[in-house]
Amino acid sequence: MADQVIAVPGLEALPVGRAPATAVNLHGRGPESHRVLLATRPGQLIAFANRAAGMAGPQWEPGEHEVHRWCRMLAEHGIPADPTRLDLPPPPLAAPAVAREATVIHPGAASAARRWPADRWAEVARRQMAAGRTVVLTGSLTDWELGQCIARKAGLPPDACLAGRTSVVELAAVVCAAGLVLSGDTGIAHLATAFGRPSVVLFGPVPPSEWGPPPDRPQHVALWAGRRGDPHGDRVDPGLVAITVDEVLAAAERARAAGGLVP
């Protein structure tokens, strides 16, 4: 368990006091993220090898699923890690009442390539509301305009858009309280898995075999059109566009049913 959560935008200097005994880089293979951690002067840095950062260690294997990748990194540093232990305890905060048993839609992602079109999210939200479900939109402060746009198109009430209004821990509480989580291939999908909330994850340029939920948990459904692309592209990936509203809604009902929720 983490003792403290510090929000840091991007690869900026970490606001730490004394040098940590151990730093663990779960951001990537560096070198930028390695250098951010090395600047804290840790007693030990656990990370993948990177020559540019002067870091020895385990080698990065392309195409490896992220769960197995990071568990392998820890294991090669002498720290046992079980890739099947993905569950987290509930966060210490209560979610807003509007989020309890709601359909949580998280439309944002770090790059445009992984953002499903806003008008499709709005249609999903409308049809979830028509089915009698409360809908909540989440995201960071940079997702506020996107969330407001979807809320207007879907006819959601003003308090339905939580984008930019939650901390990381508060966002985790929203996910933990949700009845269903719908998102692109981004961090909130992993929170849904960790809290066991039924979810649908839309994949575009990167396949679920690398970033998707465990295939043995049917309450988490991954949708992918089978096409690879640039995950950092500046326009929505064609494979993501190939996923339809009807496919998402059908997957949502499968996820809900597998999660033991009434239709």
Open item on the list: Taking the basic N atoms (NZ, or NE/NH1/NH2) and the acidic carboxylate oxygens, is any pair closer than 4.0 Å for R133 and E253?
Closed with: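 A salt bridge is present here (some side-chain N lies under 4.0 Å from a carboxylate O).
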
Open item on the list: Can you tell whether the side chains of R126 and D119 come within less than 4.0 Å, N to carboxylate O?
Closed with: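 No, R126 and D119 are not salt-bridged.
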
Using the rule that Ile, Leu, Val, Met, Phe, Trp and Tyr join whenever any side-chain heavy atoms are under 4.5 Å apart, tell me whether [X] and [Y] fall into a single cluster.
{"X": "V175", "Y": "L88", "value": "yes"}
{"X": "I46", "Y": "L37", "value": "no"}
{"X": "L26", "Y": "L74", "value": "yes"}
{"X": "L240", "Y": "V124", "value": "yes"}
{"X": "L202", "Y": "V245", "value": "yes"}

Just how far is it from atom [atom1] of [X] to atom [atom2] of [Y], taken to the nearest 0.5 Å?
{"X": "I79", "Y": "T22", "atom1": "CD1", "atom2": "OG1", "value": "7.5 Å"}
{"X": "L249", "Y": "T244", "atom1": "CG", "atom2": "OG1", "value": "8.5 Å"}
{"X": "L171", "Y": "I188", "atom1": "CG", "atom2": "CD1", "value": "4.5 Å"}

Can I get a per-line list of side-chain donor-acceptor pairs under 3.5 Å for residues 146-160, giving both atom names and the distance, sequence neighbours left out?
none

Of all the heavy-atom pairs spanning [X] and [Y], show the shortest one and how long it is.
{"X": "D87", "Y": "T193", "answer": "OD1-O, 4.0 Å"}
{"X": "R69", "Y": "F48", "answer": "CG-CZ, 3.4 Å"}
{"X": "A53", "Y": "L38", "answer": "O-CD1, 3.8 Å"}
{"X": "G28", "Y": "H34", "answer": "O-CE1, 4.0 Å"}
{"X": "P218", "Y": "V221", "answer": "O-CG2, 3.8 Å"}
{"X": "R228", "Y": "P207", "answer": "NH2-CG, 3.3 Å"}

Sub-3.5 Å donor-acceptor pair from the side chain of [X] to the main-chain atoms of [Y], do we have one?
{"X": "R100", "Y": "A95", "value": "yes"}
{"X": "S199", "Y": "V181", "value": "no"}
{"X": "H77", "Y": "R72", "value": "no"}
{"X": "N50", "Y": "R29", "value": "yes"}
{"X": "R115", "Y": "A109", "value": "yes"}
{"X": "R227", "Y": "D237", "value": "no"}
{"X": "R114", "Y": "P205", "value": "no"}
{"X": "H65", "Y": "V67", "value": "yes"}

How about [X] and [Y]: do any of their side-chain heavy atoms sit closer than 4.5 Å?
{"X": "Q128", "Y": "L180", "answer": "yes"}
{"X": "P96", "Y": "V174", "answer": "yes"}
{"X": "R120", "Y": "V248", "answer": "no"}
{"X": "L223", "Y": "W116", "answer": "no"}
{"X": "P214", "Y": "L86", "answer": "yes"}
{"X": "V24", "Y": "M73", "answer": "yes"}

Task: Residues in ring-ring contact (aromatic ring centres under 6.0 Å, His included) contact with W224, at least two apart in sequence or another chain - done: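 Here no residue qualifies.
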
Task: Residues, nucleotides or ligands: over 12 heavy atoms within 6.0 Å of E145 CD - done: no

Open item on the list: Around atom CH2 of W144, are there more than 12 heavy atoms from other residues, nucleotides or ligands closer than 6.0 Å?
Closed with: no

- [ ] Show the numbers, then the answer: is there a salt bridge (charged side-chain N to carboxylate O under 4.0 Å, His left out) between D246 and R127?
- [x] CA-CA 10 Å; D246 286 340; R127 289 168 66 174; 3.0 Å; yes

Open item on the list: Would H106 and T138 count as a side-chain hydrogen bond (donor to acceptor under 3.5 Å, both in side chains) here? Give the steps.
Closed with: CA-CA 5 Å; H106 190 90; T138 57; 2.8 Å; yes

TODO: Under the side-chain hydrogen bond (donor to acceptor under 3.5 Å, both in side chains) rule, collect the residues that match up with D216, sequence neighbours excluded.
DONE: none

